[in-house]
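Letters go in sequence order (proteins before strands), and every chain restarts at 1.
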Number of protein chains: 2
Amino acid sequence: MTTQNGGTGKASPGRTTLKDVAHRAGVSVPTVSRVIAGNYPVATATKRRVERALRELDYVANTHARALRGQGTKTVAFILNDVRGPSFAEVAHGIQEEATRRGRLCLVFVSGGDPRRELEAVGLMRQQGAEAVILIGSVHDDEVYRSRMAAIATSLDQSGSRLVLCGRPPLGDAVPTTVVEYDNEGGAHAITSRLLAAGHRRVLCFGGDAALTTSAERLAGYRRALADFGVAFDPGLVEKATFERGEAYLAMRQRLTRPVDFTAVFALTDAVAAGVLRALTEHGLGVPEDISLAGYDDVPPATDLRPRLTTVHVPYEELGRTAVRLALDRSPGADGPDQHALLGTHVVVRDSIGPPRHRA
Amino acid sequence: MTTQNGGTGKASPGRTTLKDVAHRAGVSVPTVSRVIAGNYPVATATKRRVERALRELDYVANTHARALRGQGTKTVAFILNDVRGPSFAEVAHGIQEEATRRGRLCLVFVSGGDPRRELEAVGLMRQQGAEAVILIGSVHDDEVYRSRMAAIATSLDQSGSRLVLCGRPPLGDAVPTTVVEYDNEGGAHAITSRLLAAGHRRVLCFGGDAALTTSAERLAGYRRALADFGVAFDPGLVEKATFERGEAYLAMRQRLTRPVDFTAVFALTDAVAAGVLRALTEHGLGVPEDISLAGYDDVPPATDLRPRLTTVHVPYEELGRTAVRLALDRSPGADGPDQHALLGTHVVVRDSIGPPRHRA
DNA sequence: CTGTTAGCGCCTTCAT
DNA sequence: ATGAAGGCGCTAACAG
């Protein structure tokens, strides 16, 4: 016993290996392996001895070794801005559920919205040999981003993995990605139309950052609805702000120091709507009596707002599930370069929209 | 070239390996490895050739092989009931941040509150060789659970990993675990005291499941406050329900079909408080004019309730960070069997508590 | 400076 | 029914 585990079981600290078990049971390593796999004949007596050793030594297989051999636990990776956002959380949940159902493990990484961290994360996930790498949520859509992502997508594809864009626009048909979007522009069009149909003509579009894909699309829907109703677009009625509740509140309070030249607000996000609602209320403006309010996302907390928020439902959980399903189901050989799913959105009518009130 | 990757680069589909790169650069495998590690002298010319090959072949190291060799990317695993709960999400965020800061990857598993899935998950995480396995949130605290967990903790400990109980009571001093709790009972005591100090004597304790550790502790704090104020405990004023918003609403509506024999409600959770608030409001009862309301958790959406909820702040994110910190910082040799952190809670006073209103 | 050798833990032939 | 051998991809020792 010069080298290491001399005796009857494991001596050194660290994980129990097949060798330890084999020693203890007085058999060879492959025999133990076969008992575990159970797909090969083993004498009943031997089997029992091995099983006892297995139990006594509390053996667990080493996934890394298995992965190296080719057949290890597969994993699905996802990268998001922030787990705390209700909509992201919903997507994450969908991914989890579907991945677990298919016997996959989930790796998570939070990028904080920083493209560099996102890139770094993708690299790590690639090292891990993730079967799919899912990118969740909005992004600054510039040329650098697109070319980098295209390169990454190709790399992943070549190593048998898959880049999935979830709630983010495609990179182009040539790029081997799976894209799972929802009808972002359509939802914005629908809810803005709702506001316009109720008689509103001065609709403040509030929140978001035009450089972000999500904002841009929602803004586009807003503008298209305006055009459909023959209402001129007024840049003064587009107020950029963050997607974050607190800042939206502050920004709206700021806006209210100027004359109120709108009768309705389209908040680009439910969280923004919450902030807007608070600012409005504190300013003595009733919703929907004085000002109508619409949101976007239909996250659970929106139900607790008073009045209950009329908003656009986005199937976030389904988005996550679909992402996993598509990425995993594509036949490994046939490299259909482009998979694309577009999920529908719809307006959920609650209590925050009313007819416009004529103002002095 | 009889076997496989004969020629200049990688021929077979799948990941690029060191061997592929070595072939392409016309050097041996270890040389490539050294160029990558950069901790060993390599001729500049060779180095350049290798680097080019590396780039051209888009090489990424295989974490599993590295892990097998001993020095791979470490990972931290956490298991929770549901990512969608704001408080869980906060803990998850804290874990992420701290783990990433320390160069660890995160594995996540959603158990849906099912103890069996939790057990299964721990097994998977153990196979992965996770450095720490963090269990988040409340649990059904029976004997079976305790003994099973103790066994798992010991197993993990022996393989150099660590079981971390986060927001969940310890298993006993003998069990090698890291426990990161918050002062659950104390927070409940404090906020109930607040209600009692405001003059309330009939306080309905609403929501939760007494079999769950979290509920039990909060209920205990409630009772202790009652005792401190010399108010007799009335079992009729404890209403079990779920922790879930929607069900809480329904349960409260049900309760309101009976006579209103309380002047204040202590909701065991902010989500429950939201449901209760809605039921109360719809029943024509004003908060806090008619009924005072207190919550627990201080999750962000609580700010959007009207009136803004007075509640107990729980440092969830800090809980997550601390869990990672403790688990990773303990000196590997010295097996201090028990690590225990107890984080403080405090009441956040907002607008949902007022003096009791004398009722007919 | 570079290549050869060995071995991490597992599983899959192949040969008893 | 069982053991011996080989190799997954990588890196640390040991030659040269």
Side-chain angles (χ1 to χ4, degrees), chain A residues 2-5 10 12-51 53-54 57 59-74 126-129 159-160, chain B residues 2-5 10 12-51 53-54 57 59-74 126-129 159-160:
Chain A
T2 56
T3 46
Q4 43 165 15
N5 292 357
K10 63 172 178 180
S12 66
R15 282 173 81 150
T16 306
T17 77
L18 275 188
K19 192 157 69 170
D20 298 323
V21 179
H23 274 179
R24 159 85 83 145
V27 297
S28 73
V29 170
T31 302
V32 181
S33 177
R34 293 197 263 259
V35 169
I36 294 170
N39 52 8
Y40 214 82
V42 175
T44 323
T46 318
K47 188 170 169 182
R48 261 213 309 280
R49 282 218 316 288
V50 170
E51 277 168 344
L54 243 16
L57 259 36
Y59 171 81
V60 261
N62 182 329
T63 301
H64 299 300
R66 280 192 169 158
L68 203 53
R69 275 290 308 177
Q71 157 236 18
T73 316
K74 300 292 191 201
R126 202 138 81 86
Q127 291 192 1
Q128 294 286 329
S159 48
Chain B
T2 57
T3 47
Q4 43 167 15
N5 292 357
K10 63 172 180 183
S12 66
R15 283 173 81 150
T16 305
T17 76
L18 274 190
K19 192 157 70 169
D20 299 323
V21 180
H23 274 178
R24 158 84 83 145
V27 297
S28 73
V29 170
T31 301
V32 181
S33 176
R34 294 198 265 257
V35 170
I36 294 171
N39 52 7
Y40 215 82
V42 175
T44 324
T46 318
K47 188 169 168 182
R48 262 214 307 281
R49 283 217 317 288
V50 170
E51 277 168 345
L54 242 17
L57 259 35
Y59 172 81
V60 260
N62 183 329
T63 301
H64 298 302
R66 281 191 169 161
L68 203 54
R69 278 290 318 195
Q71 158 234 14
T73 317
K74 302 290 192 203
R126 201 137 82 87
Q127 291 191 2
Q128 294 286 331
S159 47

Atom pair distance, as rounded to whole Å: [atom1] in [X] and [atom2] in [N]:
X     : N      : atom1 : atom2 : result
B:K47 : C:dC1  : NZ    : P     : 11 Å
B:L18 : D:dA12 : CG    : P     : 12 Å
A:N39 : D:dA1  : CG    : C1'   : 14 Å
B:D20 : D:dG9  : CG    : C1'   : 11 Å
A:R69 : D:dG7  : CZ    : P     : 11 Å
A:R66 : D:dG9  : CZ    : C1'   : 18 Å
B:I36 : D:dA12 : CD1   : P     : 12 Å
B:K19 : D:dC10 : NZ    : P     : 11 Å

Exercise. So, is A:T46 near the phosphate of D:dA1, with a side-chain N or O under 4.0 Å from OP1 or OP2?
Worked result: no

Tell me which nucleotide among [options] gets nearest to the side chain of [X].
X     : options                : answer
A:T17 : C:dC10, D:dG3, C:dT2   : C:dC10
B:L68 : D:dC8, D:dA5, C:dC8    : C:dC8
A:Y40 : C:dC14, D:dA12, C:dC10 : C:dC14
A:S33 : C:dG9, D:dC8, C:dT12   : C:dT12
A:P30 : D:dA4, D:dC10, C:dT4   : D:dA4
A:R34 : D:dG3, D:dT11, C:dT2   : D:dG3

Under 4.0 Å, heavy atoms only, any strand: does [X] hit a base, just the sugar-phosphate, or nothing?
X     : result
A:V29 : nothing
A:A67 : nothing
B:A37 : nothing

Out of curiosity, [X] [atom1] to [Y] [atom2], how far, rounded to the nearest 0.5 Å?
X      : Y     : atom1 : atom2 : result
A:L54  : A:K47 : CG    : NZ    : 11.5 Å
B:T63  : B:L68 : OG1   : CG    : 12.0 Å
A:R126 : B:Y59 : CZ    : OH    : 11.0 Å
A:T46  : A:R34 : OG1   : CZ    : 11.0 Å

Problem set entry | First of B:A65 and B:S28 reached from the 5' end of DNA chain C, by closest nucleotide | B:S28

Problem set entry | Identified side chain to side chain contact (heavy atoms under 4.5 Å, CB included) counterpart of B:S33 within the set B:V50, B:V21, B:L18 | B:L18

